[in-house]
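Reading through the structure tokens given below for one structure.
Naming: A, B, ... by sequence-line order, numbering from 1 per chain.
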Number of protein chains: 2
Amino acid sequence: MKTIEEFLESKNIRVTAMRLLIYKFLAEKQVAVTLSDIENAFEKADRTTLYRTIKTFEEKEIVHQIDDGTGITKYTLCEKGCNCEIETDLHLHFHCNNCNETICLTEHKIPQIKVPDGFVSENVNLVVKGICDKCSGQ
Amino acid sequence: MKTIEEFLESKNIRVTAMRLLIYKFLAEKQVAVTLSDIENAFEKADRTTLYRTIKTFEEKEIVHQIDDGTGITKYTLCEKGCNCEIETDLHLHFHCNNCNETICLTEHKIPQIKVPDGFVSENVNLVVKGICDKCSGQ
DNA sequence: TAACCAATGCAATGGAAGTGCATTTATTGT
DNA sequence: ACAATAAATGCACTTCCATTGCATTGGTTA
């Protein structure tokens, strides 16, 4: 069990207080968060810092974006089984129309999508919308 | 073969010159268009009018939105086989990373997506990114 | 023809993404 | 330990798209 500091360093991310806080914030969230979510959680921090921190995390591949169709970019930590650095990885995300939360179903694989002749598939974004387990009362 | 006027009226959309022009513009486009695309095509028209016209078309279900991950909403005419008013319809869209165009592959059905227990799927948005047939040279 | 309602146009707002630059903080070499 | 260097942070600003309020135009109907 590595510490967060060691983990960040292993990814060539310089450890700062702010980055540790943002990482912990993302880690304890079970859902994808927007920049504003992070902003609200750390009122002292500047929006730009958060923006660039997330961007750094993305480049170092410990965070990936989710476009769930709400028009606002969301972010979530990459987990085991999340090969988001691989172009052909299929991102399956679920957006709850009730609580408005978006989660990453990394363990839930779906079949390869076929495209018509002449088309070359490089990347697939799949967002399922509906009611999540918490809101459906199960 | 109904005229456009008759078609719009059958959908309870009042026919105006502007609406006819916008409808024709959408009809002759083979790809999904942004508001700005329409704006550029009709320099005389106000952006608001275009925006509200598209919104009316959406409400009357002759146009549907596409979120292809570029961050800019695109629109396209619903066609035969496009049951976008049905919640469970699977929207398959293809976004070309080369020419940046997005098309609606309505004839291309894909299998039902399964979600974990407790989750209720109401709607699926699937965007495949890659190289389109024109750009792949086939 | 007057009254009404929808469509249009203008102006302005809001939210999110992104950038330039100065400042602070951390790292490296001597 | 200290100077030189590079990265991280904070502030201000810009841009782009989506959206709304309000006044005006235009078409329908009684």
Side-chain angles (χ1 to χ4, degrees), chain A residues 4-26 32-60 62-76 95 100 102, chain B residues 4-26 32-60 62-76 95 100 102:
Chain A
I4 299 177
E5 284 88 340
E6 284 167 345
F7 174 70
L8 292 179
E9 278 166 3
S10 76
K11 292 283 187 174
N12 280 313
I13 300 170
R14 289 168 72 156
V15 177
T16 69
M18 202 65 240
R19 287 176 175 180
L20 280 173
L21 285 173
I22 294 174
Y23 184 89
K24 284 175 189 165
F25 177 75
L26 290 170
V33 298
T34 65
L35 256 197
S36 295
D37 289 337
I38 309 177
E39 204 180 356
N40 294 334
F42 302 102
E43 305 220 343
K44 304 156 202 163
D46 185 76
R47 183 183 176 81
T48 314
T49 304
L50 305 176
Y51 172 73
R52 287 199 254 242
T53 299
I54 286 290
K55 212 164 183 185
T56 301
F57 284 2
E58 268 193 281
E59 283 161 7
K60 304 299 184 180
I62 67 169
V63 154
H64 72 259
Q65 277 194 17
I66 299 178
D67 172 14
D68 63 6
T70 57
I72 303 165
T73 306
K74 295 185 179 176
Y75 304 91
T76 192
H95 177 76
N100 213 36
T102 299
Chain B
I4 298 178
E5 285 88 339
E6 284 167 346
F7 174 69
L8 291 180
E9 278 166 4
S10 77
K11 291 284 186 175
N12 280 313
I13 300 171
R14 288 170 74 154
V15 177
T16 68
M18 202 64 240
R19 287 175 176 181
L20 281 173
L21 285 173
I22 295 174
Y23 184 90
K24 284 175 189 164
F25 177 76
L26 290 170
V33 300
T34 65
L35 253 199
S36 296
D37 290 336
I38 309 178
E39 207 179 353
N40 294 336
F42 304 101
E43 305 220 342
K44 305 157 202 162
D46 185 77
R47 184 183 176 80
T48 314
T49 303
L50 306 176
Y51 172 73
R52 285 200 256 241
T53 299
I54 286 289
K55 212 165 182 185
T56 300
F57 284 2
E58 268 194 280
E59 283 160 8
K60 304 300 184 179
I62 67 170
V63 154
H64 73 258
Q65 276 195 17
I66 300 178
D67 173 15
D68 64 5
T70 56
I72 303 165
T73 306
K74 295 184 178 175
Y75 305 91
T76 193
H95 177 76
N100 213 35
T102 298

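Listed by first and then second residue, the salt bridge (charged side-chain N to carboxylate O under 4.0 Å, His left out) pairs that reach into residues 8-25 of chain A come to none, sequence neighbours excluded.
To the nearest angstrom, C1' of D:dA7 lies 12 Å from NZ of A:Lys60. Atom pair A:Glu9:CD and D:dA8:P shows a separation of 13 Å (rounding to whole Å applied). Per the geometry, CD belonging to A:Glu39 stands 15 Å off C1' belonging to D:dT9, to the nearest Å.
Of the possible polar contacts, one joining the B:Thr53 side chain to the B:Thr49 backbone as a donor-acceptor pair under 3.5 Å is found.
Legend: residues meeting ring pair (Phe, Tyr, Trp, His ring centres under 6.0 Å) with A:Tyr75, ordered by chain and number and at least two apart, are absent. Every residue meeting the ring pair (Phe, Tyr, Trp, His ring centres under 6.0 Å) condition with A:Phe7, not counting sequence neighbours, appears here in chain and number order: A:Tyr23.
When DNA chain C is scanned in the 5' to 3' direction for atoms under 4.0 Å from non-hydrogen atoms of chain A, the outermost contacting nucleotides are C:dA16 to C:dT27.
Summarising the geometry, atom CD1 belonging to B:Ile13 is positioned 12.0 Å from atom CD1 belonging to B:Ile4; distances are rounded to the nearest 0.5 Å.
Side-chain contact check for B:Ile66 versus B:His95: every heavy-atom pair is 4.5 Å or farther apart.
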Side-chain donor/acceptor pairs under 3.5 Å, residues 32-39 of chain B, sequence neighbours excluded:
| residue | atom | partner | partner atom | Å |
| --- | --- | --- | --- | --- |
| B:Thr34 | OG1 | B:Ser36 | N | 3.4 |
| B:Thr34 | OG1 | B:Asp37 | N | 3.0 |
| B:Thr34 | OG1 | B:Asp37 | OD1 | 3.4 |
| B:Thr34 | OG1 | B:Asp37 | OD2 | 3.2 |
| B:Asp37 | OD2 | B:Thr34 | N | 2.9 |
| B:Glu39 | OE1 | B:Arg47 | NH1 | 2.7 |

Problem - Criterion side chain to side chain contact (heavy atoms under 4.5 Å, CB included) on B:Lys74 and B:Asp67, from CA distance to verdict - result: CA-CA 6 Å; B:Lys74 295 184 178 175; B:Asp67 173 15; over 6 Å; no
Problem - Protein-to-nucleotide contact annotation, 5' to 3' order, nucleotides 11-24 of chain D [B base; S sugar-phosphate only; - none; under 4.0 Å, heavy atom] - result: BB----SSBBBB--
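A:Thr16 has a side-chain polar atom (N or O) that falls below the 4.0 Å cut-off from OP1 or OP2 of D:dT9. Close to D:dA8, at under 4.0 Å from its OP1 or OP2, lies no side-chain N or O of A:Thr49.
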